[in-house]
Amino acid sequence: MTQMLRAATRIPPAYFVFAALLAMLWLTKPQLMNLNVMGIFIRQVAPLGILVLGQLLVMRVRSIDLSGAGVLLLVNYLIASGLLSDVPLPFVLLLSLGIGCLIGLFNGYLVAKRRVSAVIATLAVTVIITGFVQFLASGKPPGNMPDVMNDIYKMKWGPVPLPVVLWVTLTAAMAIFLSRFVYGRFVMAVGENPTASHFSGVPVERTVLVAHVLAGLFAGIAAIVQSSSVAVGSLRLGLEMPIDAVAATILGGVVFGRGDGGVWGPFFGVMCFALLFVVMTSFGVPEPGKQIARGLIILLAAVFYGLNTRNS
């Protein structure tokens, strides 16, 4: 019985939740089960899915990154405020990705080199960036995003929205990167036992540092996609996304140091948020009810993490 329980907990709960939500939608609202309608809802969680790619990477090396909200807020402000209005948009977007990488590098330095708690360090970075943006904005929301960004966001590749294509492409690339490249073996080794990895010649500090830099890069990409979706500047953009990213990652089977769900488990963890939103919207659930449901998913992720920790 104990062995069966352990085997069951190694299956990411995201698959069960996704199947249950899909069946509920199929039985109650079959008219919504088409690519055009579902694509609209899935497009809304594409920024979260991209952010999860960085989160699953740092969690596999026994770290965490809660600075994604700060990256989203800063990138959104820089693009919407007009501070860089004289700079061509492609360079602004590259600068946004560079900002994400620099913040990830700073996080990685604190966590890998200085041995600072990842939760405290990355949360402090978000608080500092949030305060900095509010200071620049003087408490007033910035202007609108360039129209071209929203136009690109609304584009489709056949029936599939372009942000979803980008999300799936990045997920597949991450899966190949972790399974076919040496760095992926380093990540697995550090997650299993950092001390043994160090004495085996694995560059533990560099592996953690690179993980945080990549997490910053994905946060920058997510910030661009999310900003394109809202089409306006905001001083509260994406503040809840890092917590949702952690929940989706754990639901997908990735816990600190272990990656049982691989890359696609967290992918379906994010899809659970999309389907949940579809189901609740179709039943007319108000916003408070949606917040409660999000909280229950996060609680389920915490329970699953506890079971995995106890059984490992």
Side-chain angles (χ1 to χ4, degrees), residues 42-59 64-80 84 87-108 122 125-126 129 133 145-146 148-157 160-178 183 210-231 233-234 237-242 244-246 248-249 252 263-264 266-267 269-271 273-274:
I42 297 174
R43 181 176 60 187
Q44 296 178 4
V45 299
L48 175 61
I50 295 171
L51 189 64
V52 161
L53 292 174
Q55 193 66 253
L56 71 87
L57 188 58
V58 294
M59 288 180 67
I64 196 170
D65 188 349
L66 300 178
S67 67
V71 176
L72 265 70
L73 197 63
L74 181 57
V75 168
N76 177 267
Y77 178 80
L78 288 177
I79 299 176
L84 304 175
V87 180
L89 183 59
F91 289 100
V92 175
L93 299 181
L94 287 176
L95 176 62
S96 300
L97 299 181
I99 289 173
C101 291
L102 285 175
I103 293 175
L105 180 63
F106 181 69
N107 291 335
T122 57
V125 167
T126 287
I129 295 175
V133 171
M145 307 298 296
V148 64
M149 292 182 62
N150 191 250
D151 293 339
I152 294 175
Y153 176 80
K154 293 179 179 178
M155 291 176 61
K156 292 185 176 181
W157 188 56
V160 185
L162 195 59
V164 178
V165 175
L166 175 63
W167 174 26
V168 174
T169 302
L170 290 175
T171 302
M174 175 64 81
I176 295 173
F177 180 61
L178 290 177
Y183 180 77
V210 171
H212 276 281
V213 172
L214 290 175
L217 174 62
F218 284 120
I221 298 173
I224 294 173
V225 177
Q226 182 76 343
S227 298
S228 301
S229 70
V230 297
S234 172
L237 181 72
L239 294 180
E240 75 288 345
M241 282 182 64
D244 289 345
V246 173
T249 302
V263 171
W264 296 105
F267 176 89
V270 177
M271 289 290 288
F273 280 96

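Everything numeric here is computed off the predicted structure, so don't read it as measured data. Just so you know, these numbers use all the heavy atoms, side chains as well, and skip hydrogens, waters and symmetry mates.
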Notebook entry, point to check: Does Ile79 reach the side chain of Leu84, with side-chain heavy atoms less than 4.5 Å apart?
Noted result: no
N/O donor to acceptor pairs below 3.5 angstrom from side-chain atoms of residues 44-55, sequence neighbours left out:
residue	atom	partner	partner atom	Å
Gln55	OE1	Asp65	N	3.1
Gln55	NE2	Asp65	O	2.7

Check: Sequence neighbours excluded, which residues qualify as ring pair (Phe, Tyr, Trp, His ring centres under 6.0 Å) partners of Phe177?
Finding: Phe181, Tyr183
Next item on the list: Go through the steps to decide whether Ile224 and Met149 satisfy the test side chain to side chain contact (heavy atoms under 4.5 Å, CB included), and finish with yes or no.
Entry: CA-CA 9 Å; Ile224 294 173; Met149 292 182 62; 4.0 Å; yes
Item checked: Separation of Leu93 CG from Leu78 CG (nearest 0.5 Å) -> 11.5 Å
Check: So do Asn150 and Ser228 actually touch side chain to side chain, heavy atoms under 4.5 Å?
Finding: no
Item checked: Heavy-atom side-chain proximity of Val225 to Tyr153 below 4.5 angstrom -> yes
For residues 68-76, run the donor-acceptor check on the side chains, cut-off 3.5 Å, and write out each pair with its distance to 0.1 Å, sequence neighbours left out.
residue	atom	partner	partner atom	Å
Asn76	OD1	Ser234	N	2.8
Asn76	ND2	Ser227	OG	3.2
Asn76	ND2	Val232	O	3.4

Margin query: If you define the side chain from C-beta out and look only at heavy atoms, does anything of His212 sit under 4.5 Å from Leu105?
Written below: no
Checklist line | side chain to side chain contact (heavy atoms under 4.5 Å, CB included) assessment of Val210 paired with Leu57 | finding: CA-CA 10 Å; Val210 171; Leu57 188 58; over 6 Å; no
Checklist line | Close side-chain approach of Ile42 and Val270, heavy atoms under 4.5 Å | finding: no
Check: Between Met174 and Phe218, does a side chain to side chain contact (heavy atoms under 4.5 Å, CB included) hold up when you go through it step by step?
Finding: CA-CA 11 Å; Met174 175 64 81; Phe218 284 120; 3.3 Å; yes
Notebook entry, point to check: Do the non-hydrogen side-chain atoms of Val168 and Val160 ever get within less than 4.5 Å of each other?
Noted result: no
